[in-house]
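Encoded as structure tokens, the structure appears first; notes follow it.
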There are 2 protein chains.
Amino acid sequence: MTFLRENSPVKTKDMLIGALLRVPAEAIHRRIINDLNAAGFTELSLPHMALFRFPGPDGVRPGVLAERAGMSKQAMNRLLGSLEDLGYLIRSDAPDEGRARIVRFTKRGHAAYAKAMEVLRNIEREWRAELGPRDFAQLKELLFRVWESPLVR
Amino acid sequence: MTFLRENSPVKTKDMLIGALLRVPAEAIHRRIINDLNAAGFTELSLPHMALFRFPGPDGVRPGVLAERAGMSKQAMNRLLGSLEDLGYLIRSDAPDEGRARIVRFTKRGHAAYAKAMEVLRNIEREWRAELGPRDFAQLKELLFRVWESPLVR
DNA sequence: CACTCTGAGTAAACTATGTGTACTATCACT
DNA sequence: AGTGATAGTACACATAGTTTACTCAGAGTG
């Protein structure tokens, strides 16, 4: 982001919470895709990230994944189809319910997900080094309180 | 986000910084669009948000806006064209350089941008009430330090 | 001055990604 | 059996982005 950095100095008060959250969140997003691509998972792009994040899709039903990602079941189904073609996962019938299906990572899918988590841990290490362990923990704690609160529903 | 809230309790340590930033950032994003639509700016949708955020597009050249938004000049040009058709802005020739152009908000554009900033201030007020003034200020300060750092380039 | 090179803005074809509508299969309830 | 609701899927459609390509203005050079 080459915002105003070249010009006058910017202070905390100038920035609103929207930009303060958005800019680092997007930076992390790009970083994960880049590192994933560099690690050999070259087909993965931005929309696939809806699946390769925190509670992974493994063992979950398509409809739940759609709701998590905030998209329609049809869109999620396409995503799953493309990732199935790419060999990252398979959809099999659920054992308990006839109409339901279950998403399962393949070996490659597990590897990609593990890599994404590794990148995230690397990012955390870098941030911890930059801010100091105490302040980084504080940042996560504050964000967690936001996450728990009704603010983000 | 109906993540795992229904199930076992989640602790700070379980969450990685990616999700902790992404979830509130997206919540703010949706909130701004909703409130903007509710306030009468019904045509504005997600992609337009690339323009209605912090340093607005007013007085800036298309190429700079494209770089800020992290998209190609052509894509930005389309966005500008659609917003011009909707009456939010105009593109006029730059006074100094013949080949350059300058984006200018119309009255409606200024009103929408002001509304977006108002929503952001409302959000800040709510977060301050939820976290307490001291912790909210602390959160912004920590995010600002991230923003300043080389971490997010 | 003509000549070339570069950069800003634009336009059109192509691609992809999401939504809306619609269909099938299964479950729950009567 | 019959009805309605739900999970998953398929396809037409709209939307938004990138790639490729063009025009025009400015800068430098012979």
Side-chain angles (χ1 to χ4, degrees), chain A residues 2 6 26 29-30 33-34 36-37 41-53 57-86 88-104, chain B residues 2 6 22 26 29-30 32-34 36-37 41-53 57-86 88-104:
Chain A
T2 56
E6 313 86 358
E26 287 177 359
H29 216 213
R30 284 194 304 272
I33 296 172
N34 277 349
L36 237 31
N37 290 349
F41 306 105
T42 52
E43 318 93 337
L44 297 182
S45 63
L46 201 136
H48 299 126
M49 290 305 103
L51 287 169
F52 290 89
R53 63 206 206 186
D58 198 59
V60 185
R61 309 200 339 204
V64 176
L65 293 173
E67 197 208 340
R68 274 190 197 168
M71 52 169 45
S72 64
K73 289 192 292 185
Q74 298 89 319
M76 177 53 70
N77 212 36
R78 277 203 155 196
L79 250 186
L80 292 172
S82 83
L83 284 171
E84 196 164 15
D85 292 345
L86 293 170
Y88 284 92
L89 53 85
I90 55 170
R91 285 170 292 181
S92 45
D93 291 336
D96 52 331
E97 207 182 338
R99 59 186 163 177
R101 310 204 74 186
I102 294 268
V103 174
R104 284 286 172 201
Chain B
T2 55
E6 313 85 359
R22 175 173 38 81
E26 286 176 1
H29 216 213
R30 285 193 304 272
I32 293 178
I33 294 171
N34 278 349
L36 237 30
N37 291 348
F41 306 104
T42 52
E43 317 93 338
L44 297 181
S45 63
L46 202 138
H48 299 126
M49 289 304 103
L51 286 169
F52 289 89
R53 63 203 202 186
D58 198 58
V60 185
R61 314 216 317 219
V64 176
L65 294 173
E67 197 208 340
R68 274 191 198 167
M71 51 168 46
S72 65
K73 289 192 293 182
Q74 298 88 321
M76 175 53 69
N77 212 36
R78 276 203 155 196
L79 252 187
L80 292 173
S82 83
L83 284 171
E84 194 164 15
D85 292 345
L86 292 169
Y88 285 91
L89 53 83
I90 55 169
R91 285 171 291 182
S92 47
D93 291 336
D96 54 329
E97 207 182 339
R99 59 187 162 177
R101 310 203 73 187
I102 295 269
V103 174
R104 284 287 172 201

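Quick note on labels: first sequence line is chain A, next is B, and so on, each numbered from 1. Reckoned from all heavy atoms, side chains included, excluding hydrogens, waters and symmetry mates.
Taking all atoms of both residues into account, the shortest heavy-atom contact from S72(A) to A66(A) is O-CB, 3.7 Å.
One can place CD of E84(B) at 10 Å from P of dA11(C), the figure rounded to the nearest angstrom. Atom CD in E67(B) sits about 18 Å away from atom C1' in dG17(D), given to the nearest Å. Put simply, CG on D85(A) is 11 Å from P on dA10(D), counting in whole angstrom units. Rounded to a whole Å, the CG atom of N77(B) is 13 Å from the P atom of dT18(D). A straight line from CG of L80(A) to P of dA7(D) spans 15 Å, rounded to a whole angstrom. Straight-line distance from the CE atom of M71(B) to the P atom of dT18(D): 6 Å, rounded to whole Å. The separation between R91(B) atom CZ and dT10(C) atom C1' is 8 Å, rounded to whole Å. Between K73(B) atom NZ and dT18(D) atom P the separation is 13 Å, expressed in whole Å.
Residues H48(B) and Y88(B) fail the side-chain proximity criterion, which asks for heavy atoms closer than 4.5 Å. A heavy-atom distance below 4.5 Å is not found between the side chains of E84(B) and V103(B).
A donor-acceptor contact closer than 3.5 angstrom is absent between the side chains of R101(B) and N77(B).
Between dT10(C) and R78(B), no contact under 4.0 Å exists linking OP1 or OP2 to a side-chain N or O. The shortest distance between the side-chain N/O atoms of R61(B) and the OP1/OP2 oxygens of dG9(C) is below 4.0 Å. For dT23(D), neither phosphate oxygen OP1 nor OP2 lies less than 4.0 angstrom from any side-chain nitrogen or oxygen of R99(B). Taking only side-chain nitrogens and oxygens, S72(A) comes nearer than 4.0 Å to OP1 or OP2 of dT19(C).
Within the nucleic acid shown, Q74(A) comes within 4.0 Å of at least one base atom, counting heavy atoms only.
Between H48(A) and I102(B), the residue whose closest nucleotide on DNA chain C is further toward the 5' end is I102(B).
Nearest to the side chain of P47(B), among dG17(D), dT9(D), dT19(C), sits dG17(D).
Considering NZ of K73(A) and CG of L80(A), their distance stands at 12.5 Å, rounded to 0.5 Å.
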